[in-house]
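Atoms considered below: every heavy atom in the structure, side chains included; atoms not considered: hydrogens, waters and symmetry mates.
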There are 2 protein chains.
Amino acid sequence: MKRKVTLKQIAKELDVSISTVSKSLRNSPEISEDTRQKVQAFAKLYNYRPNNIALSLKNKKTKTIGIIIPEIVHHFFATVISGIEQVANECGYNVIVCLSDESFDKEVINMEMLATGSTDGFIMSLSKETQQKKDFHHIQEVINQGMPVVLFDRITNDVLCDKVIIDDRRAAYEAVEFLIKKGFKKIALVTTVDYVSVGKLRTDGYTNALHDHDLPLNDDLVVKIEDIENCALKIEAMLQQQRPEAIFAVNELFAVTCIKQATKMGIKVPEELSIIGFTDGIISQYSSPSITTVSQNGIKMGRKAAKMLIERLEMEEEDERYRTEVIETHLVERESTLSL
Amino acid sequence: MKRKVTLKQIAKELDVSISTVSKSLRNSPEISEDTRQKVQAFAKLYNYRPNNIALSLKNKKTKTIGIIIPEIVHHFFATVISGIEQVANECGYNVIVCLSDESFDKEVINMEMLATGSTDGFIMSLSKETQQKKDFHHIQEVINQGMPVVLFDRITNDVLCDKVIIDDRRAAYEAVEFLIKKGFKKIALVTTVDYVSVGKLRTDGYTNALHDHDLPLNDDLVVKIEDIENCALKIEAMLQQQRPEAIFAVNELFAVTCIKQATKMGIKVPEELSIIGFTDGIISQYSSPSITTVSQNGIKMGRKAAKMLIERLEMEEEDERYRTEVIETHLVERESTLSL
DNA sequence: GGTTGCCCCGAAAACGTTATCGTGTTGAAA
DNA sequence: TTTCAACACGATAACGTTTTCGGGGCAACC
């Protein structure tokens, strides 16, 4: 087993100083052609690579981005990571991933852990608990220490930093409007509890669309899901009692569950019930029928977030003007919707 | 903006030496109760946290695990990461994730990048290209440098290290046997090209099961998919020409595509065609009909891999005896299979 | 009073780099 | 012969820790 070789070892072996070795490898003009070649040959032979940790310590830069997300077993977040990783890779950065598991405490702990030197900045999406508690001191603290943070998707307005979002309200509005234009009047909503920021916004979009098209807002048509467990039951109850013509669901899981429940109850999708989901993930694509949905390009969001973060990391003087980028969405029409 | 405070700054502020500060914070008995309390109070006030990078350099340990996988937008890999992260977190490790994108070159580059000090060890699953080229020098090199590597799922026998797998051949065998016992004789196989190790093993399982039950092996019933693009077409062709009674697909995507194509052709699943998939991901759960599948517990694999790696990292003397852990699988029976 | 031992604390090395500055040698110009 | 610049290299500091060692001061003991 041959351990990693260091400058010191090379220096000793060639009987020169460490400085000479370092300079030779970085092609400094201070070093004679002769020794430079000699050192480089030796380094190549022993496959020398400068130690990242030492470089990080010296440069006070780790070239690593910390990602903190609620969970990774979630197609949307996985695509975002993928996007971040692409840009990071192009720019010579690594990504270190921490999962909050929707827990405030884990989010805080992970952040503090990474903030003590491990990363140069953060890209994160808030956990449900954090959104509920509205406690963002850990993020503010990190920012105060001079580390840039980019929030995406599940964000908050209570902390000043760069953000990448989609226009949830508008996207939802357009989805519901799409249903209205197809001729549906009795449109149900399956959404999350209000403290989930994106859920709330999408709910708003639904409400606004109904209102702008002079349709009544009927609370009985609105299902708010707290935990996935009883999701199916609540949807079934609503379907039973209300028999809507169409449903707008704020995520894939809700949408596919609607389809499953409806099918089970003998309601044909899309013939008797049209459904639109949110987030164009695997479920929407492979469900039967496949689901018309609002496509929310995670790769793009990830790429954008990474670009913003790295740009800020590589700025010489800091800029207090923070941006909020809105990634465009569009409706992907599939099999789960039909005109009346 | 208050930057991170260091030992040096505390020392200067309190007019003591750096050593004294360090020892005070680590509760060394060398330090008087008095100064210790003073230092600790000050440190707490300024929220001192030792710099990870400096610690890594000193201890020659980064407390980070490098994960290299083909892609993250893949439910199975996401669950594995999730499992790894759980254990890592429990043991005070971080995970840094790199994606090879199924490319040999990216796999090598990522590995070399992380190997120069960034991580203490690796957990990885081989890219398709790597499996095709059978070139594992980058892995061997890392091992030679004394960094432990744990391979999972897509592994190779050409390199000696710890491994975590499922018994792909046996799981496939059991799945096919399950179909045979239901009374099916004309069972098709939808699989990958042979160089994908797990694909090959599952194919073997299929072949063996047929053989052991005295069923003829018909090559026309076997579809080997190279890229996902023409997946649907090839499946359709086979369905058209052969009209099998059942299909064993080596992954979720193939399984759900079979369902879609069959449905499109008017073949009813499961009434006229039973289908079994592999990997119990979201698709299998939410597809209509939901898919009977071989559950391959990614979380468990991830946890096991992480445990093995960390165990090896924290051993004092090294142990040349490598283990290969087999994670048990089981068949999850859902709606896509019926008895004749 | 001198020696011993204990209690506190500081200096310094080490991890692996890079960058600044200093220095010895050589050759050429004055 | 003296002076000066250019050249080639080495010593050192710095990044932030931890740890080993050494030493000063003081009380106790002979």
Checklist entry - For B:Thr64 and B:Asn94, does a side-chain donor sit closer than 3.5 Å to a side-chain acceptor? => result no

Checklist entry - Atom OH of A:Tyr46 and atom C1' of C:dG16: how far apart are they, to the nearest Å? => result 19 Å

Checklist entry - Rounding to a whole Å, what distance do you find between B:Ile18:CD1 and C:dC9:P? => result 16 Å

Next on the checklist: Does this structure show an ion pair linking A:Lys106 with A:Asp101, if we count only N-O contacts that are shorter than 4.0 Å?
Outcome noted: yes

Next on the checklist: Over all strands shown, is B:Ser22 touching base, sugar-phosphate only, or nothing at heavy-atom distances under 4.0 angstrom?
Outcome noted: base

Checklist entry - Checking all strands, does A:Ser56 fall into the base, sugar-phosphate, or nothing category for heavy-atom contacts under 4.0 angstrom? => result nothing

Checklist entry - Rounded to the nearest Å, what distance is computed from the NZ atom of residue A:Lys38 to the C1' atom of nucleotide D:dC9? => result 12 Å

Next on the checklist: Just the rounded figure in Å: distance from P of C:dT18 to CD1 of B:Ile53.
Outcome noted: 15 Å

Checklist entry - Checking all strands, does B:Leu7 fall into the base, sugar-phosphate, or nothing category for heavy-atom contacts under 4.0 angstrom? => result base

Item to check | A:Arg303/A:Glu90 ion pair, N-O < 4.0 Å | outcome: yes

Checklist entry - B:Gln9 CD to D:dT17 P: how many Å, rounded? => result 9 Å

Next on the checklist: So, OP1 or OP2 of C:dC15: does either fall under 4.0 Å of a side-chain N or O from B:Lys61?
Outcome noted: no

Next on the checklist: Measure CZ/A:Arg3 against P/C:dG16 and give the value in whole Å, please.
Outcome noted: 11 Å

Checklist entry - With a 3.5 Å cut-off and just heavy-atom distances, do the side chain of B:Glu30 and the base of C:dC8 make a donor-acceptor pair? => result no

Checklist entry - With distance as the sole criterion, do the side chain of B:Lys23 and the base of D:dT20 form a donor-acceptor contact below 3.5 Å? => result yes

Checklist entry - Would you say A:Lys60 reaches D:dG16's phosphate, i.e. side-chain N/O to OP1/OP2 under 4.0 Å? => result yes

Item to check | Which nucleotide in D:dC15, C:dT17, D:dG16 has an atom nearest any side-chain atom of A:Pro50 | outcome: C:dT17

Checklist entry - Of all the choices, D:dG16, C:dT17, D:dA8, which nucleotide is nearest to the side chain of B:Lys58 once you look at every atom? => result D:dG16

Checklist entry - Are the charged groups of A:Arg312 and A:Asp162 less than 4.0 angstrom apart, N to O? => result yes

Item to check | Side-chain donor/acceptor contact of A:Ser19 with base of D:dA11 under 3.5 Å | outcome: yes

Checklist entry - For B:Asp158, does the CG atom have more than 12 heavy-atom neighbours from other residues, nucleotides or ligands under 6.0 Å away? => result yes

Item to check | Side-chain donor/acceptor contact of B:Ser17 with base of C:dA11 under 3.5 Å | outcome: no

Item to check | Residue mapping more 5' on DNA chain C - nearest nucleotide basis, A:Arg49 or B:Ile31 | outcome: B:Ile31

Item to check | Protein-nucleotide distance (B:Lys8, atom NZ; D:dT18, atom P), rounded to Å | outcome: 15 Å

Item to check | Length of the line joining A:Lys4:NZ and C:dT17:P, which is rounded to integer Å | outcome: 9 Å

